[in-house]
Amino acid sequence: MNATLSPQLGRRPGPAYTVAAEDAPGTSARRRALAERIAAVTRAAYTGSDPLPALPPPDGSQEGAHDVERDLAAGQRLWVARDSTGSVVGALRTADGDTGREVRRVAVLPGWRGLGLAQALLAAVERAAVADGFAAIHLDAVVERCLPPLYERLGFVPVRAFRAGDKPLTEWHMRRELGVPAAPAAVPARVVAFPAMSVPVTPLPATPVPVTPLPATPVPVTPLPAMPVPAVSAPVRATPAPTPATTRTPTPAPAPTPAPVAPGPGLFLCWFVCRKQLLVTVRRAPHAAAALAQSAPVLPTGAALAGVDLLPGATPDEAGALLRHLPAGTEPVGADLHVVGRPRTDVLFHVLPRSFDPRLMSLTRHAPGRELPLAVPGPTENE
């Protein structure tokens, strides 16, 4: 399968490229050369790729040719994007298993980002998976690296979150149902847009102190739909019942399963940015949507959602212990909103919360500059 593509509409101009599945060359020297090139592209793609600082280095940033050769020897399939000269500019690998076709090590050279290479590679994988009788493809995306929103825009749906075993990170296991068009403009599944509220919210001052407290009068907020919150007893992958294969012998992907919802409440850290300052609320709620709805009345005009963390099963008494991880100088606004007064990139508790409390789980992160704007209007002319 080989396709020549030009940059898609809406993307920056760039050269054409080809995307194809490639078998390992016949000679050991050529296999080694290809593995070295794939490893070099992977290292270049992953090194310095995190939108937030101080995160553990991605595994891909340390990729070696022996890693690529090992994966191919184990039966993984290689998908490659090449420029007009034949040079490798992007790649990924896939592995077939009991839960379907897994996508791994998606890598695009920094100079080729924004041209649709990753989307083209995934589209080629999807076409082949359909031909091979799979119902879905799946992957794992690290929350703290702000990856789930990227894959949601490509049609992947979060199924289950789990704590990484080797790093203080959280990942979402995500599935893309084959034959279902992706909707890049759709609101991500774990991020709920706020409805317009009927009363104005006092904006924060330009400097973090002094801070004018917001009114304590309760404000009615339209309930938001429940968002998936993972069960967290152990790091697990989704294992729904498989569907029959259509055109191939290997085990096909399982049937789609609704995202699980935690049976009980927890403490949610809801992070926002406003005027380049980080804000946070701590809410006990049954799910993240309820925590965000509870936070909405105290937010200033212009606030945007940066992320949500969960301490499963925690009680309100534990909120104080969480807030003690915030840096010195954090100012409370009433009893509900805390103004950190620093850019989010400078607050390690926001960047890497599990390094402070390993029980925490990051449910969503938006990259700096891509935070989700919230509909929190200011006063109207009649008010």
Side-chain angles (χ1 to χ4, degrees), residues 58-59 94-106 122 125-126 129 134-178 180 182 186-192 224-243 251-269 285-292 307-314 353-354 357-366:
D59 292 340
T94 59
D96 295 348
D98 293 340
T99 59
R101 180 159 291 175
E102 181 180 6
V103 177
R104 301 176 175 176
R105 287 289 192 273
V106 180
L122 290 168
V125 169
E126 178 177 343
F134 285 100
I137 56 178
H138 60 93
L139 52 79
D140 295 333
V142 177
V143 176
E144 291 86 348
R145 303 193 197 282
C146 306
L147 293 176
L150 183 155
Y151 287 110
E152 284 177 310
R153 290 193 290 272
L154 297 176
F156 285 82
V157 176
V159 174
R160 187 180 300 275
F162 60 96
R163 300 180 183 93
D166 59 338
K167 299 180 180 71
L169 301 172
T170 309
E171 301 184 47
W172 273 99
H173 183 68
M174 307 182 74
R175 283 170 56 87
R176 167 90 167 102
E177 301 301 327
L178 301 182
V180 178
V187 175
R190 289 171 295 103
V191 179
V192 178
L224 296 174
M227 298 193 335
V229 176
V232 296
S233 55
V236 293
R237 304 295 204 279
T239 54
T243 53
T251 305
T257 301
V261 176
L267 282 179
F268 291 85
L269 286 158
H287 48 70
L292 290 172
V308 178
D309 299 328
L310 167 66
L311 185 58
R354 286 197 61 215
D357 189 330
R359 299 174 299 162
L360 282 166
M361 300 186 73
S362 293
L363 298 186
T364 189
R365 280 293 183 280
H366 293 279

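Residue numbers count from 1 along this sequence.
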Please name the pair of heavy atoms, one in [X] and one in [Y], separated by the smallest distance, quoted to 0.1 Å.
| X | Y | answer |
| --- | --- | --- |
| A135 | E177 | O-OE1, 3.7 Å |
| V308 | F268 | CG1-CD2, 3.9 Å |
| F162 | W172 | CE2-C, 4.5 Å |
| T170 | A161 | CG2-CB, 4.4 Å |
| A141 | M174 | CB-SD, 3.8 Å |
| P149 | C146 | CD-O, 3.7 Å |

Stepwise side chain to side chain contact (heavy atoms under 4.5 Å, CB included) check, L269 with L360: CA-CA 10 Å; L269 286 158; L360 282 166; 4.2 Å; yes

Interatomic distance, [X] atom [atom1] to [Y] atom [atom2] [nearest 0.5 angstrom]:
| X | Y | atom1 | atom2 | value |
| --- | --- | --- | --- | --- |
| L139 | R105 | CG | CZ | 13.0 Å |
| E144 | M361 | CD | CE | 9.5 Å |
| T99 | H173 | OG1 | NE2 | 5.5 Å |
| R176 | E152 | CZ | CD | 12.5 Å |
| I137 | E102 | CD1 | CD | 11.0 Å |
| S362 | E171 | OG | CD | 11.5 Å |

Listed partners of R145 passing side chain to side chain donor-acceptor pair (under 3.5 Å), at least two apart: D50

Whether F156 and Y151 hold their rings parallel, tilted or perpendicular, with breakpoints at 30° and 60°: perpendicular

Salt bridge flag under 4.0 Å for residues D59 and K167: yes

Any donor-acceptor pair under 3.5 Å from R175 side chain to V157 backbone: no

Contact check, side chains of T364 and H366, non-hydrogen atoms, under 4.5 Å: yes

Identified salt bridge (charged side-chain N to carboxylate O under 4.0 Å, His left out) partner of D309 from the options R359, R365, R354: R365

Test side chain to side chain contact (heavy atoms under 4.5 Å, CB included) applied to A314 - qualifying residues, sequence neighbours left out: L267, L311, E318

